[in-house]
Amino acid sequence: MKGLELAQRYYETYGKKMLEEKFPELCGRVAAGLAGYGSECLGFDDGISADHDYGPSFCLWLTEEDYKAYGQALQREYDGLPAVFEGVAARKTSAHGGGRVGVLCIPDFYYALTGFTEAPERLSDWMRIPEEGLCTATNGKVFEDPLGEFSRIREGFLAYYPEDVRIKKIVARAAQMAQSGQYNYARAMKRGEQVAAALSLAEFTKSTISMVYLLNRKYMPFYKWMHRGMKDLPRLSGIGDILNLLVCTGEQSQAWKGAGTEDYLYTLNTNDQCVIIIEAVCNIVLQELTAQGLAEGEDNFLENHTAEMMAKIGDDSIRSMQILEG
């Protein structure tokens, strides 16, 4: 059973009854669901996930006022609920897995993940919030929220980055993809620097995945799940398979034997399979940038499109940021 389904059934069987019988004064004021840290909040949990921080559990989100008045008592009742449910063993909490479920304060929940108690108004504040933090704050499922306060804040974050912020982040990813994959990978290979080449591929891969999420207007999960999450995206999900091919391609030093200092400065070494894959990925991304009205022309070197994309940013402070910021 998937963790989200388990959590909802557990809440509907025990949590709802607990609130109605023990805390009638809170009925209509508590948001219930499961969101935050954990693969089950993304729907990615499997048999491997069940070894830690998994089991019958859910979140109860209270306003700051209600949390101060009822938080401790409600947590005690929550802790007394049956530990085993429908044959699923009790939750195993890891050394750093505490505080993910149970009774939580609404502003504290969002602040811990984003640095803000609700979606910020200033563009500069949006720029500061890590993508994975926003994903963690808005994943999972809200089972019910009669008061609506938790969902009001959640919807503010789910509305996604303001467009100027999204474009600036796209610019940064385009520059990172070009620098790491289209430029520095080849230079590292010519020097025989295998570790530098591997790091270049890793940076290219991470920047590409982030770019795909930005082009889908979806927050990217943290590194363990960012590639898995690409399968569910409506745009460019196929890039995930191409990146898997890139990672599985064997070491390519033979393709660079005899390459001199001046070789492949303005041409591609198509004997290197990684080079071919990188260029294919960049071409697919360029096509989507063009489709979204962010880029023009057929120049496959993504950094050459960053100036035109920066010009589309309306806010002066965001438009004046350094190209790699974001």
Side-chain angles (χ1 to χ4, degrees), residues 2-12 15-16 19 26-45 53 57-68 70-71 74-75 78 97-166 169 210 213-214 216-222 225-226 228-229 232-234:
K2 284 288 189 177
L4 279 174
E5 180 187 357
L6 174 67
Q8 186 162 5
R9 290 168 66 168
Y10 186 57
Y11 168 73
E12 290 175 350
K16 204 174 179 73
L19 286 172
L26 285 178
C27 287
R29 298 188 59 80
V30 180
L34 185 66
Y37 293 111
S39 56
E40 68 274 21
C41 296
L42 293 166
F44 298 159
D45 52 306
D53 300 317
S57 53
F58 52 83
C59 300
L60 295 174
W61 293 288
L62 277 62
T63 64
E64 186 172 12
E65 179 184 1
D66 288 343
Y67 184 80
K68 289 178 180 178
Y70 300 99
L74 185 54
Q75 183 65 51
Y78 176 91
R100 296 185 179 185
V101 295
V103 183
L104 304 170
C105 179
I106 293 174
D108 290 349
F109 172 83
Y110 286 110
Y111 185 83
L113 298 172
T114 69
F116 295 89
T117 57
E118 58 183 273
E121 296 182 2
R122 297 190 305 177
L123 298 183
S124 58
D125 288 338
W126 275 104
M127 292 294 301
R128 292 167 45 199
I129 308 176
E131 292 175 78
E132 59 269 25
L134 287 163
C135 177
T136 306
T138 57
N139 64 17
K141 183 178 180 181
V142 179
F143 308 150
E144 59 181 13
D145 184 9
L147 186 64
E149 178 64 6
F150 182 82
S151 297
R152 179 190 68 80
I153 300 171
R154 180 180 173 91
E155 290 301 318
F157 285 117
L158 281 172
Y160 202 63
Y161 294 120
E163 186 64 0
D164 278 355
V165 173
R166 185 181 82 105
K169 288 180 176 290
S210 178
Y213 278 92
L214 287 163
N216 278 275
R217 292 179 170 84
K218 297 288 185 181
Y219 296 127
M220 181 179 70
F222 90 117
W225 295 115
M226 59 176 61
R228 165 62 182 83
D232 302 323
L233 298 175

If you take all heavy atoms of Gly99 and Leu104, which pair is closest and at what distance? O-CD2, 3.5 Å
Got a sec, which pairs hit salt bridge (charged side-chain N to carboxylate O under 4.0 Å, His left out) with one end in residues 102-116, sequence neighbours left out? none
Can you see which heavy atom on Ala7 is nearest to which on Ser57, and at what distance? CB-O, 3.1 Å
To the nearest 0.5 Å, tell me how far Leu4 CG sits from Asp45 CG. 7.0 Å
Leu19 side chain reached by Leu74 side chain, heavy atoms, under 4.5 Å: yes
Which side-chain N or O atoms in residues 29-41 pair as donor and acceptor under 3.5 Å with protein atoms at least two apart or in another chain?
{"residue": "Arg29", "atom": "NE", "partner": "Asp66", "partner atom": "OD2", "Å": "2.6"}
{"residue": "Arg29", "atom": "NH2", "partner": "Asp66", "partner atom": "OD2", "Å": "3.1"}
{"residue": "Ser39", "atom": "OG", "partner": "Ser49", "partner atom": "OG", "Å": "3.3"}

Value for CG (Asp164) from CH2 (Trp126), rounded to nearest 0.5 Å, stands at 13.5 Å
Which value, rounded to the nearest 0.5 Å, describes the distance between Ile153 atom CD1 and Leu158 atom CG? 12.0 Å
Nearest heavy-atom approach of Val101 to Cys59 is CA-SG, 4.0 Å
Quick one: CH2 on Trp225 to CE on Met220, what's the gap to the nearest 0.5 Å? 15.0 Å
Enclosure of Lys2 NZ (heavy-atom neighbours >12, cutoff 6.0 Å): yes
Is a side-chain N or O of Arg154 found less than 3.5 angstrom from the main chain of Asn139, in a donor-acceptor match? yes
Side chains of Thr117 and Tyr111: closer than 4.5 Å at any heavy-atom pair? yes
Quick one: does Tyr161's side chain get under 4.5 Å of Leu214's, heavy atoms only? yes
Set of side chain to side chain donor-acceptor pair (under 3.5 Å) partners for Glu12, sequence neighbours left out: Gln8
Taking Leu233's backbone N and O only, do any of them form a donor-acceptor pair with Asn216's side chain (distance below 3.5 Å, no angle check)? no
Aromatic ring centroids of Phe157 and Tyr219 under 6.0 Å? no
Considering residues at least two apart in sequence or located in another chain, which fulfil the ring-ring contact (aromatic ring centres under 6.0 Å, His included) criterion with Tyr11? Phe58
Is there a side-chain contact between Leu60 and Leu26 (heavy atoms, below 4.5 Å)? no
If I compare all heavy atoms of Thr114 with all of Gly133, which pair ends up nearest, and what's the gap? CG2-O, 4.1 Å
Inter- and intrachain pairs under salt bridge (charged side-chain N to carboxylate O under 4.0 Å, His left out), touching residues 113-129, at least two apart: Glu118-Arg152, Arg122-Asp125, Asp125-Arg128
Flag side-chain contact, heavy atom, 4.5 Å: Tyr160 against Thr138: no
Got a second to check how far Cys135's SG is from Lys218's NZ, nearest 0.5 Å? 10.0 Å
Determine the minimum heavy-atom distance between Ile106 and Trp61, stating which atoms define it. CG1-CB, 3.7 Å
Interatomic distance, CE@Met226 vs CD@Glu131, rounded to 0.5 Å, equals 8.0 Å
Who pairs with Glu163 by side chain to side chain donor-acceptor pair (under 3.5 Å), at least two apart in sequence or on another chain? Arg166
